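Notes to accompany the following structure.
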Amino acid sequence: MSENQFIKLRKEKLAKIRALGIDPYPVESGRTHKVADLFEDRQTWVDRAESITLAGRLVAMRRQGKLGFGNLEDDSGKIQLYVSKSEIGEENYELFKLCDAGDFIEATGIPFFTNSGEYSIRCSKIRLLCKNIRPLPAVKERVENGKTIRYDEFSDIELRYRKRYLDLLLNPEHRKVFKLRSQIIREIRSYLNDRGYMEVETPILQPLYGGANARPFITHHNTLDVDLYLRIALELYLKRLIVGGFERVYEIGKNFRNEGMDRTHNPEFTMLESYEAYSDLRGMMDLVEGMIKHLAKNVIGKGEYIYQGHKVNLLGEWRRAGMAELVQEKIGVDVLGESEENLIALCKEYELELPVGAAKGKIIAVLFENFVEHTLIQPTFVCDFPKEISPLAKAKPGDPLLADRFELIIAGGEFANAFSELNDPLDQRERLEAQAALRDLGDDEANVVDEDFLEALEYGMPPMGGQGIGVDRLVMLLTENDSIKEVILFPQMKPGI
RNA sequence: GCAUCUUUAGCUCAGCUGGCAGAGCAACUGACUCUUAAUCAGUGGGUCCGGGGUUCGAAUCCCCGAAGAUGUACCA
């Protein structure tokens, strides 16, 4: 039977329902309670014998002649319906017989316990709210020793992503991930709001893109007849707001990067960035550490997480160490003390490829990425980044080679990036021009010179700390999911089936 | 981008060295007033991911392509 034949049968049922004078898609519904309300004190509900009305999706049907059972589910829970012909009447029972798993219905009745002890609704009336014409995948479940065993689970990973509504409908544990995601983001907001931060929105469509090293998406505005870029970072507009006098701002929003996709990269992803005037890198460490520990404690309620095959403790002490120090620990070379020539020779020895125009700082970063980063499992603030790969960060006081910047590494991956923000307009211009030079050498991910941003800096921007956190990856960690697609409702897929 | 693996009924899957395309659930028909993976009896349902090739014969072997997963590279 082809799918069309399935649908054909359902359409025939639709016609029968209409023939009974029933509108299968009525406007009004009259729910008085949600399912969870009835589970608060079941015996009291049963004793009270009050008639209530529920609305939700019929998710299972067990008909046996003149009696039938169904399971009704709303977003608060699931309850069994007891529908007997003698109690709801012949006509209403005809309608019940035409109902399928997948339909939305309204059930009116009184809570009671069945002979086998299951808390249910003894229906006096059912109403159709929406007739389903495409059968849902048949997933059955059984509860054994308090554990739910699911049969014929809807588990095809591609279908789950492409038809996420079915995944959410049929797999409660995936629904839970997105509930947690929402709670995490809500808690991030309240954490920052409580500390005097103001949430803002800045443009997604930008005449120039900046704030990160990445290739952008390009689009076109017809009326202005100009190309625009989808933002790759929030940074440069948030800094303009600090110039404008706001002292603590943050934004949670989508960034877009026209690059490869894999387990930890989606072309559009959610970023949190915050900026705080008169703070600095140390302040950002405290903020980031405090926030993530707060989320672990208050949203998830635990410290230990299994992520990418590693056991991570978020509630322990977080190490703070310099990049060069960490590299030295691993390969035993004092990279800051070595000459650029020696470092290049070292990379050759290790068969590491260096990008065009790489100088000492970049070489140290390459050594770090190859030998150290993936070995940092417990939360570690990697500080003292080379200045040349940190064009928006202030130089470290007393060390011209280094920038006052950290990245937070957990389970071998980056979770946050922060600086004491560069506010010297002349230095900033030089650094962006150096980036432009790299661009000319073929690095198409180097920053572009944003004159409007530089002009804003010339008016004066207070010293400040800023940080960015990849929200999707944080949700991955906190919900223990190894693929970014599991925490993005509609992940990017190639057009296919 | 490269490598490996996967793709068979609505869902979950089996299909051996090439020989009539299968199961469970779902659907349909019938029985059934306390079931709950309801049960019992019966019925129908296929572009075997797409295209080409080898062969008397291809879901199965070969080639090209598509989508997905994983790894790797690039990349936050």
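Below, read A as the first sequence line, B as the second, and so on, with proteins coming before strands; counting in each chain starts at 1. Since the structure is predicted, the reported quantities are computational estimates derived from the model, not experimental observations.
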Practice task
Output the single nucleotide from C34(B), A26(B), U12(B) whose closest atom is nearest the side chain of T114(A).
Solution key: C34(B)
Exercise for the section: Map every base of RNA chain B to its dot-bracket character, where paired means a Watson-Crick or G-U wobble contact with both distances under 3.5 Å and | marks a partner outside the strand. Expected result: (((((((..((((.....[..)))).(((((.......))))).....(((((..]....))))))))))))....
Exercise for the section: Determine the Euclidean distance between corresponding P atoms of U29(B) and U55(B); express it in Å to zero decimal places. Expected result: 50 Å
Practice task
Quick one: sort the F406(A) and F381(A) rings into parallel, tilted or perpendicular, breaks at 30° and 60°.
Solution key: perpendicular
Handout entry: Inter-nucleotide P distance (U43(B), A23(B)), Å rounded
Key = 12 Å
Problem - Interatomic distance, I88(A) CD1 vs C34(B) P [rounded to whole Å] - result: 16 Å
Problem - Given C34(B), A27(B), C13(B), the nucleotide with the shortest approach to the side chain of R10(A) - result: A27(B)
Handout entry: Residue pairs passing the salt bridge (Lys or Arg N to Asp or Glu O under 4.0 Å) test where at least one lies in residues 109-133 of chain A, sequence neighbours excluded
Key = E28(A)-R127(A), E87(A)-R122(A), D100(A)-K131(A), D103(A)-K131(A), E106(A)-R127(A)
Problem - Over-ring placement of R240(A) relative to Y237(A), 6.0 Å and 45° cut-offs - result: yes
Exercise for the section: Indicate, with a heavy-atom threshold strictly under 4.0 Å, whether A60(A) touches base, sugar-phosphate, or nothing. Expected result: nothing
Completion exercise
Here the distance between atom C1' of A27(B) and atom CZ of F6(A), to the nearest Å, is 5 Å
Practice task
Return the value, rounded to whole Å, for the distance between atom CZ of F112(A) and atom C1' of U33(B).
Solution key: 11 Å
Exercise for the section: Look at the side-chain N and O atoms of K140(A) and state whether any lies under 4.0 Å from the OP1 or OP2 oxygen of U12(B). Expected result: no
Practice task
Determine the Euclidean distance between corresponding P atoms of C74(B) and G68(B); express it in Å to zero decimal places.
Solution key: 23 Å
Practice task
Specify the residue among D100(A) and P137(A) whose closest nucleotide of RNA chain B lies further upstream toward the 5′ end.
Solution key: P137(A)
Handout entry: Distance, rounded to the nearest Å, where E12(A) contributes CD and A27(B) contributes P
Key = 16 Å
Completion exercise
When rounded to whole Å, the CG to C1' distance for the pair N370(A) and C75(B) reads 14 Å
Practice task
Look up atom CD in Q467(A) and atom CZ in R405(A), then write down how far apart they are to the nearest 0.5 Å.
Solution key: 13.0 Å
Problem - Interatomic distance, I389(A) CD1 vs C75(B) C1' [rounded to whole Å] - result: 14 Å
Fill in the blank from the handout: On RNA chain B, more 5' by nearest nucleotide between F154(A) and S86(A) is F154(A)
Practice task
Scan R122(A) against the nucleic acid and name what it touches under 4.0 Å (heavy atoms): base, sugar-phosphate only, or nothing.
Solution key: base
Exercise for the section: Please work out if E369(A) contacts a base, only the sugar-phosphate, or nothing of the nucleic acid, heavy-atom cut-off 4.0 Å. Expected result: nothing
Exercise for the section: Take atom C1' in A59(B) and the same atom in G22(B), then report the distance between them in whole Å. Expected result: 12 Å
Exercise for the section: For the side chain of S155(A), starting at C-beta, report the closest nucleotide among A37(B), U12(B), U35(B). Expected result: U12(B)
Problem - Pairs where residues 58-68 of chain A contributes a residue and the test salt bridge (Lys or Arg N to Asp or Glu O under 4.0 Å) is met, not counting sequence neighbours - result: none
Problem - Distance between P atoms of A3(B) and G44(B) (Å, rounded) - result: 47 Å
Exercise for the section: Applying side chain to side chain contact (heavy atoms under 4.5 Å, CB included), run through L287(A) and L192(A) and close with a yes or a no. Expected result: CA-CA 9 Å; L287(A) 181 75; L192(A) 292 170; 4.2 Å; yes
Exercise for the section: Would you verify whether the NZ or CZ of R42(A) falls within 45 degrees of the ring axis of W45(A) while also being under 6.0 Å from that six-membered ring's centre? Expected result: no
Under 3.5 Å, which N/O atoms of the protein pair with N/O atoms of nucleotides 68-74 of chain B?
unit_1 : atom_1 : unit_2  : atom_2 : d
G68(B) : OP1    : K494(A) : N      : 2.8
G68(B) : O4'    : E158(A) : OE1    : 3.0
A69(B) : OP1    : K485(A) : NZ     : 3.4
G71(B) : OP1    : R263(A) : NH1    : 2.6

Problem - Nearest-Å distance once atom P is located in both G65(B) and U72(B) - result: 25 Å
Handout entry: Nucleotide U12(B), atom P - distance to CG of N171(A) in whole Å
Key = 10 Å
Practice task
Can you measure from CG (N266(A)) to CE (M493(A)) and round to the nearest 0.5 angstrom?
Solution key: 10.5 Å
Handout entry: Closest to side chain of L9(A), choosing from G10(B), G24(B), C28(B)
Key = C28(B)
Completion exercise
The complete set of side-chain hydrogen bond (donor to acceptor under 3.5 Å, both in side chains) pairs with one or both residues in residues 371-381 of chain A, sequence neighbours excluded, reads none
Completion exercise
Among the nucleotides U35(B), U33(B), C25(B), whichever has the atom closest to the side chain of S84(A) is U33(B)
Completion exercise
Residue pairs meeting ring pair (Phe, Tyr, Trp, His ring centres under 6.0 Å), one or both in residues 149-173 of chain A, sequence neighbours left out, come to none
Completion exercise
Ranking C11(B), C34(B), C25(B) by distance to the side chain of L159(A), first place goes to C11(B)
Report each atom pair, protein N/O against N/O of nucleotides 29-32 of chain B, whose distance is under 3.5 angstrom.
unit_1 : atom_1 : unit_2 : atom_2 : d
C32(B) : N3     : G65(A) : N      : 3.1
C32(B) : N4     : G65(A) : N      : 3.2

Problem - Span that lies between the C1' atom of A26(B) and that of C20(B), in whole angstrom - result: 26 Å
Exercise for the section: Could you tell me whether the side chain of E421(A) and the main chain of G466(A) form a donor-acceptor pair under 3.5 Å? Expected result: yes
Completion exercise
For residues 117-146 of chain A, the ring pair (Phe, Tyr, Trp, His ring centres under 6.0 Å) pairs (sequence neighbours left out) are F39(A)-Y119(A), F113(A)-Y119(A)
Exercise for the section: Could you tell me the separation between the CG atom of D156(A) and the P atom of A67(B), rounded to a whole number of Å? Expected result: 16 Å
Handout entry: Selection: residues 70-83 of chain A, any non-hydrogen atom under 4.0 Å of RNA chain B
Key = Q80(A), Y82(A)
Exercise for the section: Determine the minimum heavy-atom distance between L168(A) and R175(A), stating which atoms define it. Expected result: O-NH1, 2.8 Å
Problem - For F385(A), all residues meeting ring-ring contact (aromatic ring centres under 6.0 Å, His included), sequence neighbours excluded - result: none
Fill in the blank from the handout: side-chain contact (heavy atoms from CB on, under 4.5 Å) filter on D156(A), not counting sequence neighbours, yields E158(A), L159(A)
Practice task
Provide the distance between the two C1' atoms, one in A31(B) and one in G24(B), to the nearest whole Å.
Solution key: 23 Å
Handout entry: Set of side-chain contact (heavy atoms from CB on, under 4.5 Å) partners for E325(A), sequence neighbours left out
Key = R319(A), A321(A), E329(A)
